[in-house]
Each structure stands twice: as C-alpha cells, then as structure tokens.
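Below is one structure, written out as structure tokens, with a few remarks after it.
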Amino acid sequence: MPPLIAPRIPSGTLELLPREQRQFQRMLDVIRKGFERFGFGPIETPVFEMKDVLLTKSGGETEKQVYFVQSTGALQQGHAPELALRFDLTVPLARYVAMHERDLAFPFRRYQIQRVYRGERPQLGREREFTQCDIDVIGKDALDPLHDAEIPAIIVGIFTDLSLPPFTIHFSNRKVLRGFLEAHGAVGPEAQEPILRAIDKLDKTGMEGLRESLAALGRTELAEPLGRLVTLEGTSDEVTRALQSLALNQPLYTEGVQEVAAMGIALKALGVPEGRVRLDLRIARGLDYYTGTVYETFLDNHPGFGSICSGGRYEDLAGYYTRSRLPGVGISIGATRLFEQLRSIGALPPDSVTEGTHVLIAQVEPALRPACLALGAELRRAGLNVETHLEGTKLDKQLRRADKLGIPFVVILGSAEATRGVVAVKDLAQKTQADIPATDLAAYLRAKVGFLCPAP
RNA sequence: GCGGCCGUAGCUCAGCUGGUAGAGCCCUCGGUUGUGGUCCGAGUUGUCGUGGGUUCGAGUCCCAUCGGCCGCCCCA
C-alpha cells in the first residue's frame, strides 16, 4: 500500500460540517436579504485579477499580503505571475465600475458576497481565506452624504435580523479629525496619517500610547487638545454639539462636523435605534483612502474580537482606472469572522426545523421499497425535504442516522402499517410516535414542521 | 515579517527526575425478532511532527527543520 497523505487544509482556511454550513448559509441569506431590501444589486468578480490591476493602490502593506497565481506551465518557463488573488472586494469593484461605467446607473448600488485572500498569520477570527459581504454606493462626480447615513441603517437591520448579541456601530469622520489636526498645526497628510493611526489604536494602547506616539512624532503639544477631542462621550447628538461648540475656524473641520450632524438627523429619520450607532472620535481607520465618514462595528461584550463590519467614504474610488471622478461609500461585513466569533460564544441561532431535511422515511421491509419511494415523492410534492432510507438497515441504525443528522421526523412504513393504510410518524425530539392515515400524512407533517410552503 | 508557547490515536489530552505507550470522546459490533440520542460490554486506531545528535537505551535531554496556537504589524 502506498503511504497515506495526511488529510489537512492550509491554516487560515475554514471548513464546516453540513449542519454548520447551513447555519453559515443562513447568515449569508439574511445579509443578502438585508442588502436587497435597500435596493442593492448583486455582482460577482473573479477570485483572481490581473496583477497590475489589483496592486494599484496597495503600495507597501497590502502587497505583502497578496497571493500570486501562476499556471505551472508559465512557472516552468520562468515567467513571473501575472495574476493575483483579490484581498478585498473594493479594488475589484473599482475596476468593475471603471470597466462598465457606461452601462451602469449612477449612483451605482451593488452588493457582493465572496471570498477574499490574505497572506497573514492566522488567528481566531483572522483567516487567510474568508468571506466578505460588501455594499458600496458609487456616485458619478458627486455622492450625497445622505448615503453615508443609509449604510449603518442597513447594517443595523441585518444584525438585528441575525439576533446578534449587543453591538454598536461606531462612526466618525476623517474630515473632522484632519480639520482638527490642521487647526492645531499638523498640516498635510504626511503629518496627519501617523497621528490618525495612533488614534485608531487607542483601544489597544490607551491614552498613554497616544501620548507616546505623539511624543515620538514630536507633536507633544497635540496630546492635550486631541485627548479632549477623542474622549468626548455621549449620544451622537451630544458629541456633535460638542464638536460644533469648539467653533474651530477651519473649513475641513466645519465640513466634517456638518456631515456628522446631517448623519445624526438622517439616522433618526431612518428609524435607527439610538445607541446602536454612535459617533466615536476614536475611530480613524488606518487605511488612507478613506476621506470622510468611517465605520467600525464591535460586539459590546466582546471588544477583543475586533471589528466585524467596517468601511467608510472615499472621494475617488477608481482614479487608477478612469479619469471619471467616482466617489463612494461602503462597508464590509466579515462574515467568516462573525460566524467564528458567534460560534465561539455559543451565540449562533439554533437549527431551524424548517430548513434541512424534514423527514427520513425508514425502510423496514424490502417488499415495501417501492412504497417508500412513492411516499417520499409524494411528501416532496407537498414541499417537504425528504430522505428515503435506501439501504434498509436495522431500524435503530436508521433512527440513529436521523438523530445524528438532526432530522426531526422519521416515518416508518412496514406491512403492519401498510395493511391498515397508515404510517407511523415518530417525533425524535418529543419521543412520541403516532399512526397517521397515509392520506393525511403530508398535511400532518407540514403542520408539524410548521412552515408555509407553496402550493404543490 | 517580528516575538512567545506548543507538537503523543480521527478529536481533547495524560505520560514524574531518560528504560521502547495510556485515558476520555468519536467510530464499529453486541445487550436476539421493526424504535434513536441514556446505560452496559467488546473491538479497531499510533514509524510519540520530521531529520540528526547525546546515551547501553529517548515520547522524555540537545540541535535543526516543518507545522499549529497566541501576541504585534495590518486588517473582516
């Protein structure tokens, strides 16, 4: 015998058993419905893109995390890879919009639920292959700030539908932060970026860390005013008023505060519950392409899990691919991370009997096999998901199978039942069993399973 | 890419100061005729991550290497 190869998957990848996969799928379904509800349309893009297309904006940090793709043939000839796996869905979106610009209706509202790849050190909630659920709105030349308010409303709806544990979408506005820094002498992106990063790390480093970073940058004088800005607490309205009262005479700052104020009003109008979405000046986001609103979502009781959903506003999405100016705003749910984290705290919703296999038809006598097949066909026509046990092993094995697969009902059809025109229906969870007239079976089970299915 | 911890059955792990391997779970079968998840009994499973070294002898010590987990960078 040849030696066995150890069955394994690369670290940072995830594989689920069918029941878990169903839960994950259900999560994605809820997300998709949430996107559709707000009038977003689906797209998909290839897992790999041309290398030069993908690596435009990245520069240093992201490039190190990119997987290159090369056919073995080309590899043998010593060619450098010309393809790379996408590491997010935003860059492919930019390419997509630039490519199909003339055919799209702007503002272009699309959602995209696909896997992305990052060459990172995996950890819990940090995979090398994971699923992102993105929505973005892309405008032509301009995009009303109202779109920025709609984004969190969409997410709140979805997370509520998912019965998530308490969560908060924190948002801020980089114009406010930049304007504030500008007004305090930190002028220009080169000076501001490192400070914004330091602010973004506040939850890990604390104020001490921020002070240290500022000291290292030779900006000790910013510690005091920035400290006050960043520790503003209260409802979004209260924080907004505090920002307005600072009355910094700085155009960018003023613009940012206006946007923040407008968001507060819009969020109320959209019916987003107070407290779900908070203005939090500690959110800055490291990614430098964000220019206005930024979002970051955390589970209230599990801050260590990191952000499960984040995004923001960017002034020019596709500058590398087209001369058109295409501002946008978007957000991404980290579905794989969210799923893993919910699972680790036991917060995944329980199996639903309306999904998966509803009924297992046990086969106890070879002579009745055709009857079992026919019964299965009939129940399926009634809208039920049915497995007919085709092996016809011992009954206890068949019951164990139903048990293991989480199938709630077992139908037993033997000659004892057949001669009386009934079948035995066993409810595995209730440990009950009843003889049901064969003619009533479909209706009986449908009522038991408790869902409305389309008329046959 | 940097730092720390760890690699023993499919899974989770035990194996004291070196003397050639164990538990639980899982799985299979049985506790007789068509009734599960409980209980009882029986059984299968390992080149102790890999390579080298020290030693009469190494899962146990040393070195290297690969892999995993955690933290950092970054991020969903």
Side-chain angles (χ1 to χ4, degrees), chain A residues 3-4 6-14 17 31 58-66 86-90 112-134 155 197-198 200-201 204-205 209 284-288 290 294-299 304-312 330-341 360 362-368 372 389 392-418 423-434:
Chain A
L4 296 174
R8 64 218 141 88
I9 55 176
S11 71
T13 61
L14 186 66
L17 295 171
I31 293 170
S58 68
E61 215 37 67
T62 31
E63 180 154 1
K64 284 192 288 188
Q65 299 190 345
V66 167
R86 59 176 173 219
F87 52 86
D88 70 11
L89 299 177
T90 307
Q112 187 170 357
I113 299 175
Q114 292 195 275
R115 300 208 229 202
V116 302
Y117 300 83
R118 287 184 196 173
E120 285 195 289
R121 279 270 170 282
Q123 278 165 40
L124 175 67
R126 259 182 61 174
E127 306 294 335
R128 297 196 295 178
E129 176 187 66
F130 60 97
T131 299
Q132 283 195 319
C133 311
D134 275 39
I155 300 301
R197 281 174 182 242
D200 196 58
K201 265 177 246 172
K204 274 183 186 165
T205 63
R285 307 238 54 199
L287 291 176
D288 49 4
Y290 291 119
V294 284
Y295 318 96
E296 200 113 45
T297 311
F298 301 95
L299 297 180
F305 280 174
S307 178
I308 49 174
C309 176
S310 55
I331 201 163
S332 176
I333 301 174
T336 305
R337 168 178 287 184
L338 181 58
F339 183 81
E340 283 190 284
Q341 294 176 341
L360 177 72
Q363 185 203 312
V364 288
E365 289 167 45
L368 289 170
C372 288
H389 202 289
T393 52
K394 299 177 71 170
L395 219 214
D396 65 336
K397 281 191 75 173
Q398 302 189 49
L399 288 168
R400 271 204 299 273
R401 175 175 177 80
D403 198 51
K404 190 164 185 174
L405 293 176
I407 302 172
F409 298 100
V410 173
V411 164
I412 304 166
L413 174 58
S415 52
E417 289 80 16
V423 297
V425 176
K426 189 172 173 69
D427 182 327
L428 285 260
Q430 302 297 319
K431 294 174 152 177
T432 55
Q433 185 169 331

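Any value given below was found using the heavy atoms of this structure, including those in side chains, with hydrogens, waters and symmetry copies removed. All of these numbers come straight from a predicted model, not from anything done at the bench. Order of the sequence lines fixes the chain letters, A, B, ..., with proteins taken first and strands second; residue numbering starts at 1 for each chain.
In plain terms, the two heavy atoms of A:Arg285 and A:Asp200 that are nearest each other are N-OD1, 2.7 Å. Contact record, A:Glu417 with A:Ala424: CG-N, 3.8 Å, taken as the closest heavy-atom pair. Between A:Phe130 and A:Gln132 the shortest heavy-atom distance is CE1-CG, 3.5 Å. In terms of heavy-atom proximity, A:Gln112 sits nearest to A:Gln114 at NE2-OE1, 2.9 Å. The shortest non-hydrogen separation linking A:Phe87 to A:Arg118 is O-NE, 2.9 Å. Looking at every heavy atom in both residues, A:Gln398 comes nearest to A:Leu360 through O-CD2, 3.4 Å.
Rounding to the nearest 0.5 angstrom, the gap separating the CD1 atom in A:Ile331 from the OG atom in A:Ser310 is 6.5 Å. For the atom pair CG (A:Leu395) and CD (A:Gln363), the distance works out to 10.5 Å, reported to the nearest 0.5 Å.
Between the side chain of A:Gln398 and the base of B:rU35, no donor-acceptor pair under 3.5 Å is found. Not a single donor-acceptor contact under 3.5 angstrom links the side-chain atoms of A:Gln341 to the base of B:rA76. Remark: the A:Gln433 side chain and the B:rG36 base include no donor-acceptor N/O pair separated by less than 3.5 Å.
When heavy atoms are screened at a 4.0 angstrom cut-off, A:Thr297 is found touching no nucleic acid atom at all. Nucleic acid contact for A:Cys133: none, since no nucleic acid atom lies under 4.0 Å from a heavy atom of the residue. Looking at heavy-atom distances under 4.0 Å, A:Ala335 makes no contact with the nucleic acid at all. Heavy atoms of A:Gln363 sit nowhere under 4.0 angstrom from any nucleic acid atom. Nucleic acid contact for A:Leu428: base, since at least one base atom lies under 4.0 Å from a heavy atom of the residue. Looking at heavy-atom distances under 4.0 Å, A:Gly306 makes no contact with the nucleic acid at all. Within the 4.0 angstrom heavy-atom criterion, only backbone atoms of the sugar-phosphate kind lie near A:Arg400; the bases stay farther away.
Comparing B:rU44 with B:rA9, their C1' atoms are spaced 11 Å from each other, to the whole Å. Of the P atoms belonging to B:rC61 and B:rC74, the separation is 38 Å, rounded to the nearest Å. Of the P atoms belonging to B:rA42 and B:rA23, the separation is 12 Å, rounded to the nearest Å. Taking the C1' atom of each, B:rG1 and B:rC75 are spaced 15 Å apart, rounded to whole Å. Rounded to whole Å, the separation between the P atoms of B:rC6 and B:rC62 comes to 11 Å. Separating the C1' atom of B:rU20 from that of B:rU47 is a span of 12 Å, rounded to the nearest Å. Remark: the separation of the P atoms in B:rG7 and B:rG59 is 15 Å, to the nearest Å. Straight-line distance between the C1' atoms of B:rU8 and B:rG71: roughly 27 Å, to the nearest whole Å.
Put simply, the side chain of A:Leu413 does not reach to within 4.5 Å of the side chain of A:Val364, judged on heavy atoms.
Distances from the side chain of A:Glu417 to the nucleotides B:rG36, B:rG34, B:rA76 place B:rG34 closest. With B:rC73, B:rG36, B:rA76 as the choices, the nucleotide that has an atom nearest any side-chain atom of A:Arg118 turns out to be B:rA76.
The side chain of A:Lys404 places an N or O atom within less than 4.0 Å of a non-bridging phosphate oxygen (OP1 or OP2) of B:rC27. Look at A:Arg285 and you'll find a side-chain N or O under 4.0 angstrom from OP1 or OP2 of B:rA76. Regarding contacts with the backbone of B:rG34, every side-chain N or O of A:Lys397 stays at 4.0 angstrom or more from both OP1 and OP2. Residue A:Ser307 places no side-chain N or O under 4.0 Å from the OP1 or OP2 atom of B:rA76.
Under the side chain to side chain contact (heavy atoms under 4.5 Å, CB included) test applied with A:Ile333, the options A:Thr131, A:Leu338, A:Asp134 reduce to a single match, A:Leu338.
A salt bridge does not link A:Arg128 to A:Glu120: none of the charged nitrogens lies less than 4.0 Å from a carboxylate oxygen.
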Dump the pairs, protein N or O against N or O of nucleotides 67-70 of chain B, anything under 3.5 Å, distances to one decimal.
unit_1	atom_1	unit_2	atom_2	d
B:rG68	OP1	A:Ser11	N	3.4
B:rG68	OP1	A:Ser11	OG	2.8
B:rC70	OP1	A:Leu124	N	3.3
B:rC70	OP2	A:Leu124	N	3.3

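Atom CG in A:Asp88 sits about 11 Å away from atom P in B:rC75, given to the nearest Å. Separating the CG atom of A:Leu395 from the C1' atom of B:rU32 is a distance of 15 Å, rounded to the nearest angstrom. For A:Ile333 and B:rA76, the CD1 to P distance is 13 Å, given to the nearest whole Å. The distance between atom CD1 of A:Ile412 and atom P of B:rG34, rounded to the nearest whole Å, is 12 Å. One interatomic measurement links the two molecules: CG of A:Leu405 to C1' of B:rG36, which rounds to 12 Å at whole-angstrom precision. Going from atom NZ of A:Lys394 over to atom P of B:rC29 covers 9 Å, rounded to whole Å. Taking atom CD on A:Glu365 and atom P on B:rU35, their separation rounds to 13 Å, with Å as the unit. Rounding to whole angstrom units, CD of residue A:Glu296 and P of B:rC74 are separated by 13 Å.
For A:Thr13 and A:Glu129, the side-chain atoms include no donor-acceptor pair closer than 3.5 Å.
For the pair A:Ala416 and A:Cys309, both in contact range of RNA chain B, the more 5′-proximal nearest nucleotide belongs to A:Ala416.
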**Study point:** Canonical and wobble pairing (Watson-Crick, G-U, under 3.5 Å) of RNA chain B, dot-bracket with |
**Key:** (((((((..((((........)))).(((((.......))))).....(((((.......))))))))))))....

